[in-house]
> 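Dropping a structure here in structure tokens format, bear with me for questions.
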Amino acid sequence: MDQLINYTLFLADNALIMGHRNSEWCGHGPILEQDIAISNIALDLIGQARNFYQYAATLIGNNATEDSLAYLRDVKEYKNCLLVEQPNADWAQTVLKQFFFSTFQYYLYQQLQNNNDEQLKAIAAKALKEVTYHVRWSSEWVIRLGDGTEESKKRIVKAVDELWMFTGELFEPASYELNTNIDFIFLKENWNKRIRSIFAEATIDVPAETSWHQSGGKIGNHSEHLGFILAEMQFLQRAYPNSEW
Amino acid sequence: MNLEENFQQKVDDEIKIEPKDWMPEKYRQTLIRQISQHAHSEIVGMLPEGNWITRAPSLRRKAILIAKVQDEAGHGLYLYSAAETLGISRDEMYDQLHTGKAKYSSIFNYPTLTWADIGAIGWLVDGAAILNQIPLCRTSFGPYARAMVRVCKEESFHQRQGFELLLTLSQGTEAQKKMCQDAINRWWWPSLMMFGPNDDASPHTAQSMKWKIKRFTNDELRQKFIDMIAEQVKVLNMTLPDDELKWNEERKHYDFGKINWEEFWQVVGGNGPCNKQRLDARKNAWADGEWVREAATAYAEKKLAKQTTNAA
């Protein structure tokens with residue numbers, strides 16, 4: 001049971017923190033249509049997070065709710081990957097982070113279709129349609145920036161430099177992922193294949209397989225960024241406890 | 001009948017003016033000014049509310065707020081498109097916003113200090129906007145009228161959401177009630193100013209009414225708003241910050257106190273609490289996005305060139 005709860009929270013935390021980061025763009029996007037697109041992705045991800053948290057809350061019982069799980073857990077209890085908590089920085093880093101993450105989510109949710117847990121299966125099935133679009137949208141942007149101008153190329157290459165070291169963690173199972181029927185080797189292969197194909201079209205190099213990777217997010221050892229995200233996100237719930245909003 | 005008489009006849013007969021129809025240059029300019037100002041208000045209006053997205057107190061509220069701010073971006077998009085049919089580009093309109101030549105609704109130059117402000121904006125600011133906008137669904141220029149039909153549907157949804165947010169606070173803890181009243185106190189007078197100056201100080205009203213761009217005067221709409229809100233505030237168990245607010249049985253309207261027009265003109269003139277901050281945020285988004293737009297254009301051109309070569 002604990003494993004299922006932790007795994008569900010892991011899925012929820014990834015979606016929430018990624019969605020939260022995307023929502024920081026709202027009103028500040030480089031093109032009005034893209035402002036709408038990225039807010040839309042934020043909305044999809046927060047919707048996914050809510051479904052996972054609501055399910056986790058029923059598993060946990062004890063009056064847990066989607067909001068108690070999102071707003072009243074501290075950094076060490078959050079299980080999201082380090083990748084999603086990284087700052088947006090510029091548009092290149094934002095779309096690349098989205099591309100890495102959505103591609104991961106895409107193959108993961110596909111595999112969740114074989115999961116024994118009906119609820120996780122159903123949430124993933126619904127989300128897969130959204131994620132398919134996220135992958136397409138972010139791939140197109142990676143290609144556009146890679147094969148756009150000299151400036152955009154420079155920025156997307158820098159983004160690869162910044163973010164690549166956070167991708168290895170996606171495929172390192174935490175203890176609560178061991179009984180999920182997820183084939184991590186297959187997941188990683190699929191992910192790598194898609195990255196290579198889009199990078200080729202974008203005319204950018206894929207970093208060496210052997211490069212060093214950061215990890216720890218899945219078991220609560222985060223980067224310094226998550227504390228600030230939570231401080232902002234949880235402010236009202238912490239400052240005015242036991243209130244209805 | 002000459003062109004101008006023919007035009008006025010159509011307006012009088014409630015026949016919509018379409019982009020390719022002849023129209024007086026002044027009509028075109030008035031519409032460009034009004035529609036672009038409206039579009040800019042939607043875009044700048046994303047900022048004070050967007051300010052609270054990352055701090056929304058529940059996941060449900062966070063989702064509602066993102067969807068709302070996103071709707072505003074969508075409204076900006078339809079309105080820019082409607083203005084473009086009059087022969088001005090979106091880039092030119094942005095430029096007018098960034099240089100200060102074009103205005104946006106002054107209300108967005110006030111800060112959102114607490115979560116209750118998000119409710120007050122929905123209830124009061126969107127509420128005032130709806131009263132201004134419903135008659136625009138019948139405005140004489142076709143593309144503007146059609147854009148407004150969509151905008152109004154979404155805005156009334158926003159207003160209900162704002163009211164519901166405040167209702168939750170008004171039934172909450174003492175601190176939440178206080179937060180709710182304080183937000184109403186700060187947003188009430190600026191939202192009355194949203195209807196524009198009094199009729200005798202509104203230079204464009206007469207011509208705009210003749211052209212059926214406008215259908216009611218500023219003061220008529222303001223009175224309607226006050227009558228509506230003075231009733232709704234009772235449901236919240238809150239008060240409006242006006243000692244002179246009182247039902248007048250003879251007029252069948254609420255009487256109300258003096259609006260501080262000095263403040264209004266100061267804020268319009270650039271001296272509101274957040275004018276600089278809002279405009280800087282827009283200018284920065286535009287400047288920081290320049291390399292992105294250039295990359296998108298360069299890539300599209302390359303792709304087109306490839307397709308042309310392949311086709312040949």
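In the text below, chain A, chain B and the rest are named by the order of the sequence lines, each starting its count at 1.
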> Please classify the contact of B/L65 with chain A as side chain, backbone, both or neither, using a heavy-atom distance under 4.5 Å.
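For B/L65, neither part sits under 4.5 Å from chain A.
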> Please classify the contact between B/L47 and chain A as side chain, backbone, both or neither, with a heavy-atom cut-off of under 4.5 Å.
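For B/L47, side-chain heavy atoms alone lie under 4.5 Å from chain A.
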> Between A/I36, A/I31, A/I46, which shows the greatest number of heavy-atom pairs under 4.5 Å with chain B?
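The option with the most such pairs is A/I36.
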> Is atom CZ of A/R238 surrounded by more than 12 heavy atoms (other residues, nucleotides or ligands) closer than 6.0 Å?
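Yes.
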> For chain A, find which of B/T168, B/T54, B/V44 contributes the most heavy-atom pairs closer than 4.5 angstrom.
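Option with the top pair count is B/T54.
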> Could you check whether any side-chain N or O of B/R282 sits under 3.5 Å from a backbone N or O of A/G27, counting only pairs where one atom can act as donor and the other as acceptor?
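Yes; judged by distance alone, with no hydrogens or angles, the pair exists.
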> Side chain, backbone, both or neither: which part of A/R21 has a non-hydrogen atom closer than 4.5 Å to chain B?
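A/R21 has no heavy atom closer than 4.5 Å to chain B.
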> If you measure from OG on A/S39 to CE on B/M46, what distance do you get to the nearest 0.5 Å?
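Atom-to-atom, A/S39:OG and B/M46:CE are 6.0 Å apart.
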> Can any side-chain N or O of A/Y71 pair as donor or acceptor with the backbone N or O of B/S58 at less than 3.5 Å?
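A pair under 3.5 Å: yes.
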> Which answer fits A/I229, side chain, backbone, both or neither, if we ask what part of it has an atom under 4.5 Å from a heavy atom of chain B?
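It is neither, since no heavy atom gets under 4.5 Å.
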> Using atom types as modelled and distance alone, determine if a side-chain donor or acceptor of B/Q176 lies under 3.5 Å from a backbone N or O of A/E244.
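Indeed, once roles are kept as given, a pair shorter than 3.5 Å links the two residues.
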> Would the distance check show the side chain of B/K302 and the main-chain N or O of A/G148 forming a donor-acceptor pair, the cut-off being under 3.5 Å?
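Such a contact is found between B/K302 side chain and A/G148 backbone.
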> Under 3.5 Å, is there a donor on one side chain and an acceptor on the other for B/E294 and A/T149?
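Per modelled atom types, B/E294 and A/T149 side chains form no pair under 3.5 Å.
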> Quick one, A/L145 and B/Y299 - any side-chain contact, counting heavy atoms below 4.5 Å?
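With C-beta onward as the side chain, the pair stays apart.
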> Evaluate the criterion side chain to side chain contact (heavy atoms under 4.5 Å, CB included) for residue pair A/W25 and B/I53; output intermediate values, then yes/no.
CA-CA 10 Å; A/W25 273 103; B/I53 287 174; over 6 Å; no
> Where does B/R61 contact chain A at under 4.5 Å (heavy atoms): side chain, backbone, both or neither?
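B/R61 touches chain A through side-chain heavy atoms alone.
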> Taking the side chain as C-beta and beyond, is there a heavy-atom pair between A/R50 and B/R60 under 4.5 Å?
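Touching, per the 4.5 Å side-chain cut-off.
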> Is it the case that atom CG in A/N242 sees more than 12 heavy atoms from other parts of the structure closer than 6.0 Å?
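Atom CG in A/N242 is not crowded, with 12 or fewer foreign heavy atoms closer than 6.0 Å.
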> Chain A: which of B/V292, B/N51, B/T297 shares the most heavy-atom pairs with it under 4.5 Å?
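When all of B/V292, B/N51, B/T297 are compared, B/V292 has the most.
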> What residue in A/E24, A/E33, A/E66 has the most heavy-atom pairs under 4.5 Å with chain B?
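Top option by heavy-atom pairs under 4.5 Å: A/E33.
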> Would the number of heavy atoms belonging to other residues, nucleotides or ligands and lying under 6.0 Å from CZ of A/F228 be above 12?
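At most 12 heavy atoms, drawn from other residues, nucleotides or ligands, come within 6.0 Å of this atom.
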> Quick one: of A/M233, A/H28, A/Q237, who has the most non-hydrogen atom pairs under 4.5 Å with chain B?
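The residue among A/M233, A/H28, A/Q237 with the greatest pair count is A/M233.
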> Should we say atom NZ of B/K177 is surrounded by more than 12 heavy atoms from elsewhere, each under 6.0 Å from it?
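For B/K177, atom NZ is crowded (more than 12 foreign heavy atoms under 6.0 Å).
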> Donor-acceptor check, side chain of A/D67 to backbone of B/L59, threshold 3.5 angstrom: yes or no?
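Flag set: sc A/D67 to bb B/L59 pair under 3.5 Å.
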> Taking only heavy atoms into account, what residues of residues 69-94 of chain B are found under 4.5 Å from chain A?
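The residues closer than 4.5 Å to chain A, in numerical order, are B/V69, B/Q70, B/A73, B/G74, B/G76, B/L77, B/Y80, B/R90, B/Y94.
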> Pick one of side chain, backbone, both or neither for A/D35, based on which atoms fall under 4.5 Å of a heavy atom in chain B.
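Just the side chain, heavy atoms under 4.5 Å.
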> Is it the case that the side chain of B/R293 and the backbone of A/P30 share a donor-acceptor pair, with hydrogens and angles ignored and the cut-off at 3.5 Å?
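Answer holds: yes.
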> Considering only heavy atoms, which portion of B/T173 lies under 4.5 Å from any heavy atom of chain A: side chain, backbone, both, or neither?
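Answer is side chain: those atoms of B/T173 sit under 4.5 Å from chain A.
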> Show the nearest heavy-atom pair for residues A/L43 and B/A63, with the distance to one decimal.
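Taking every non-hydrogen atom into account, CD1-O, 3.3 Å.
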> So how far is it from A/K154 NZ to B/W291 CH2, rounded to the nearest 0.5 Å?
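Taking NZ in A/K154 and CH2 in B/W291, the distance rounds to 10.5 Å.
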> Could you grab the distance from atom CD1 of A/I38 to atom CD1 of B/I66, nearest 0.5 Å is fine?
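If we round to the nearest 0.5 Å, A/I38:CD1 and B/I66:CD1 are 11.0 Å apart.
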> Please flag which part of A/A92 lies under 4.5 Å from any non-hydrogen atom of chain B: side chain, backbone, both or neither.
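When you check distances to chain B, atoms from both the backbone and side chain of A/A92 fall under 4.5 Å.
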> In terms of heavy-atom pairs under 4.5 Å with chain B, which of A/W141, A/W245, A/W91 leads?
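Top option by heavy-atom pairs under 4.5 Å: A/W245.
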> State the NZ-OG distance between B/K62 and A/S23, to the nearest 0.5 angstrom.
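OG of A/S23 is found 5.5 Å from NZ of B/K62.
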